[in-house]
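These numbers were taken from a predicted model, which means no experiment stands behind them. Remember, it's 1-based here, ligands and their atoms both numbered in the order they're listed.
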Amino acid sequence: MEQFIMKGGKPLKGEVVIGGAKNAALGIIAGALLTDDNVTIENLPDVRDINVMLEALKEVGATVKRIDRHTAVINAADVQDVSIDDEYIRKIRASYYFIGALLGKYHKAIVPLPGGCAIGSRPIDQHIKGFRALGTNVEIKNGCVQAEAPDGLKAAHIYLDVVSVGATINIMLASVLAEGRTIVENVAKEPHIVDVANFLNSMGANIKGAGTDTIRIKGVKKLHGTTYAVIPDQIEAGTFMCAAAATRGDVLIKNVIPKHLESISAKLLEMGNTIYEYDEAIRVIGADVQHPTDVKTLPYPGFPTDMQPQMAVTLALAEGTSVVIESIFENRFKYVDELARMGSNIKVEGNVSVIDGVKGFTGASVNALDLRAGAALVIAGLCAEGITIVNEIGYIQRGYEHFDKKLQTLGADIAMVDSDRAIQKFKLRVG
Ligand code: EPZ
């Protein structure tokens, strides 16, 4: 089983380039099903969840040509099956986007209920509410969502009860070819929502208002092919921002949209770190002594829930007490027990954690329990005295491309290992 091993104590220094946004690319890949023309997607992150989604497209008869690790040409003209059911697709959350896309074009879809990181119950009732409002019969049978709109999809006025990234994207996918004008209120406003809307509009869709509380989709008859580059990943960028601050380093993070990082920059500045913003880059210089601050995760433009574990690790090394409130998911503090093995002092009560900063961590063997928790534990290991091993790194590889290699370019003593021999070799090398 692969692990990350690292020897902490070295401030990260240098430059790192951010890849494409995983959570935008997942919706865009499914959206390629909505046309019979070629769809070229550029700046795809080379991560497991993306590769699983591309494989799933082939399952239904689409062709997928990988031009390089970050570019794919998809053609769905020969899709004849609207049911996807393989063991891999069951493991990822974004499988649900195939429901919206297959419904949108073929008015039928049979897709397994989604998997994904165990950070809460993660129902899809708002997705189903949207599909039903558009005239679809939806039932859950044999672990799958079985959806069909025998009379085609008709525009609707939908009010989401919960701000949901997935439901917002899924309703856009299902309604771009529906007859009439669909209005969706109380939608998510994340950068990846805007990116999926821009992608669909580049195919001839008529979507207005993405990034605001209300999205208007005027159905069109047909969508055409496109070439589209995915936006930079806000969360990968934020993860490196926290890594720079926590290790007291100085890192220039390139290929970012600073506007998307404002809530993360604000918190790191409150802690006393220095941040320089450029057109497409951001530089973070970690202060030796960092102040505590309070964080509450909220839908965009609030502080992103996907940055909560990484920020908590940074706060755990600040001087003083911070409070972190997780308002999006009900079970996103599982990493706290792992961090405690490294000497952190965090108490969790419901969706509130109280973090008493400590002078430093000591290395330990810890488990990545979900994607962002895994990234946070790597940051902790880079700050810890001695050797840290992070197990279950498959979670991390679902959303971070070459995480260890990018950290190595910043001077980190980190390696991916898969045997005791490799662990011994690493320990001999770093001393
Ligand atoms: C997306 O998950 C992301 N995943 C998550 O990123 C991210 O944490 C989340 O959005 C919030 O930003 C992908 O894009 C693949 P939601 P999603 O629907 O769509 C509740 C990562 O680390 N809800 O916005 O599942 C839900 O339980 C992953 O990259 C309903 O109640 O999130 C949660 O409490 C982790 N009913 C809240 O809404 C629904 O039908 C937000 O969920 C849908 C959601």
For ligand 1, is [X] a contact, meaning one of its heavy atoms is under 4.0 Å away?
{"X": "G120", "value": "no"}
{"X": "M53", "value": "no"}
{"X": "Y395", "value": "no"}
{"X": "D161", "value": "no"}
{"X": "K22", "value": "yes"}

Would you say [X] has any N or O atom under 3.5 Å from an N or O of ligand 1, going by distance alone?
{"X": "R93", "result": "yes"}
{"X": "A167", "result": "no"}
{"X": "Q126", "result": "yes"}
{"X": "T305", "result": "no"}
{"X": "I328", "result": "yes"}
{"X": "L371", "result": "no"}

Determine, step by step, whether F403 and T239 satisfy the side chain to side chain contact (heavy atoms under 4.5 Å, CB included) criterion, reporting the C-alpha distance in whole Å, the side-chain angles of both residues, the deciding distance to 0.1 Å, and the verdict. CA-CA 10 Å; F403 195 39; T239 302; 4.0 Å; yes

Is the closest side-chain donor-acceptor distance between S202 and T226 under 3.5 Å? yes

Assess, by modelled atom type and distance only, whether the side chains of N351 and E326 contain a donor and an acceptor separated by less than 3.5 Å. no

Could you see which bit of Y96 sits under 4.0 Å from ligand 1, with heavy atoms only: side chain, backbone, both or neither? side chain

I128, portion touching ligand 1 at heavy-atom distance under 4.0 Å: neither

Donor-acceptor pair, side chain of N51 and main chain of V47, under 3.5 angstrom: yes

To which of D49, V165, D306 does the heavy atom nearest atom 5 (C) of ligand 1 belong? D306

Compare P123, G399, G130 and give the one whose heavy atom is closest to atom 27 (O) of ligand 1. P123

Intermediate values then yes/no, side chain to side chain donor-acceptor pair (under 3.5 Å), Y395 and R48: CA-CA 9 Å; Y395 283 111; R48 286 194 187 168; over 6 Å; no

Could you walk me through whether I140 and V145 pass the side chain to side chain contact (heavy atoms under 4.5 Å, CB included) test, one step at a time? CA-CA 5 Å; I140 309 291; V145 176; 3.8 Å; yes

